[in-house]
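Structure record follows, encoded as structure tokens.
These values consider heavy atoms only, across backbone and side chains, with no hydrogens, waters or symmetry-generated copies. In this text the structure is predicted, and so the values were computed from the model without any measurement.
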Amino acid sequence: MRYALVTGGSRGIGRAISLKLITLGYHVLINYKSNAAEADLTLSMIKEAGGTGSTIKFDVSDAQDVESVLNKWQEENPEDYVEVLVNNAGIRQDALLMWMENSQWKEVLDTNLGGFFYVTRFS
């Protein structure tokens, strides 16, 4: 089986990418952080379209979470590997820079940049 991992794959652009990848023959690993209902909806849409997929919960901004979950997936699928990685997960904090709290800035960087680094490093 050919696998594709889409971070932030449960909604919006990530959902659209996940649905496109099934047309190319991939089993899509739908990553999500907290919204299991949307991830399950995306999985249902994939199955309705004749594709295969599964949900995989981890926080891309947390290096330990990424490593733990993806190592577990690899142990459970020793003959398989992720052929396509789409680093789609990202957040924004709607605040002018002068009013943005340090914690907001850190959260944006940890998700948008750290997430890219941690997930890509694993692959």
Taking the side chain as C-beta and beyond, is there a heavy-atom pair between L29 and W73 under 4.5 Å? yes
Correct closest heavy-atom pair for I91 and N112 would be N-OD1, 2.8 Å
Testing the basics here: between G8 and N88, what is the closest heavy-atom pair and its distance to 0.1 Å? O-ND2, 2.9 Å
Using the side-chain contact (heavy atoms from CB on, under 4.5 Å) rule, pick out the option among T7, D59, D62, V60 that qualifies with K33. D59
Taken to the nearest 0.5 Å, the spacing of M45 CE from S10 OG works out to 11.5 Å
Is there a continuous path of hydrophobic side-chain contacts, each under 4.5 Å between heavy atoms, that joins L43 to M1? no
Measure the CD1-CZ distance between I46 and R15 for me, rounded to the nearest 0.5 Å. 9.5 Å
For atom CG of L24, decide whether the heavy atoms of other residues, nucleotides or ligands shown that lie under 6.0 angstrom number more than 12. yes
Hydrophobic cluster membership, L19 vs L21, 4.5 Å side-chain cutoff: yes
Which value, rounded to the nearest 0.5 Å, describes the distance between Q74 atom CD and D80 atom CG? 7.5 Å
Shared hydrophobic cluster, L109 / F117 (ILVMFWY, side-chain heavy atoms < 4.5 Å): no
L96, CG atom: more than 12 neighbouring heavy atoms under 6.0 Å: yes
Check: R121 side chain, A63 main-chain N or O, donor-acceptor pair, under 3.5 Å: no
side-chain contact (heavy atoms from CB on, under 4.5 Å) with T42: of V6, I30, V28, only one passes, and it is I30
Linked, directly or transitively: L113 and V66 (ILVMFWY side chains, under 4.5 Å): no
Are there over 12 heavy-atom neighbours, none belonging to F116, within less than 6.0 Å of that residue's CZ? no
Can you tell me how far the CD atom of E107 sits from the CG atom of N102, to the nearest 0.5 Å? 13.0 Å
Any chance you could measure N77, atom CG, to K72, atom NZ, to the nearest 0.5 Å? 11.0 Å
Once ring-ring contact (aromatic ring centres under 6.0 Å, His included) is applied, do any residues pair with Y26, and if so which ones, sequence neighbours excluded? none
Ignoring hydrogens and geometry, is there a side-chain-to-backbone donor-acceptor pair from T23 to K20 under 3.5 Å? yes
Beyond-backbone contact of F58 with V119, side-chain heavy atoms, under 4.5 angstrom: yes
Nearest atoms (heavy-atom pairs only) where I22 meets A49: CD1-CB, 3.6 Å
same_hphob_cluster(I56, L41) at 4.5 Å side-chain heavy-atom cutoff: no
Measuring from E67:CD to F122:CZ, what's the distance to the nearest 0.5 Å? 8.0 Å
side-chain contact (heavy atoms from CB on, under 4.5 Å) partners of E101, counting only residues at least two apart: S103, Q104
Going through the checks in order, is the side-chain contact (heavy atoms from CB on, under 4.5 Å) test met by L70 and L5? CA-CA 10 Å; L70 293 181; L5 169 60; 4.3 Å; yes
Please find the pair of heavy atoms, one from Y81 and one from Y3, that lie closest to each other, and give the distance. O-CB, 3.6 Å
Could you tell me which non-hydrogen atom of H27 sits nearest to which non-hydrogen atom of S54, and how far apart they are? NE2-OG, 3.1 Å
Identify the heavy atoms of V69 and K57 that sit nearest to each other, and give their distance. CG2-O, 3.6 Å
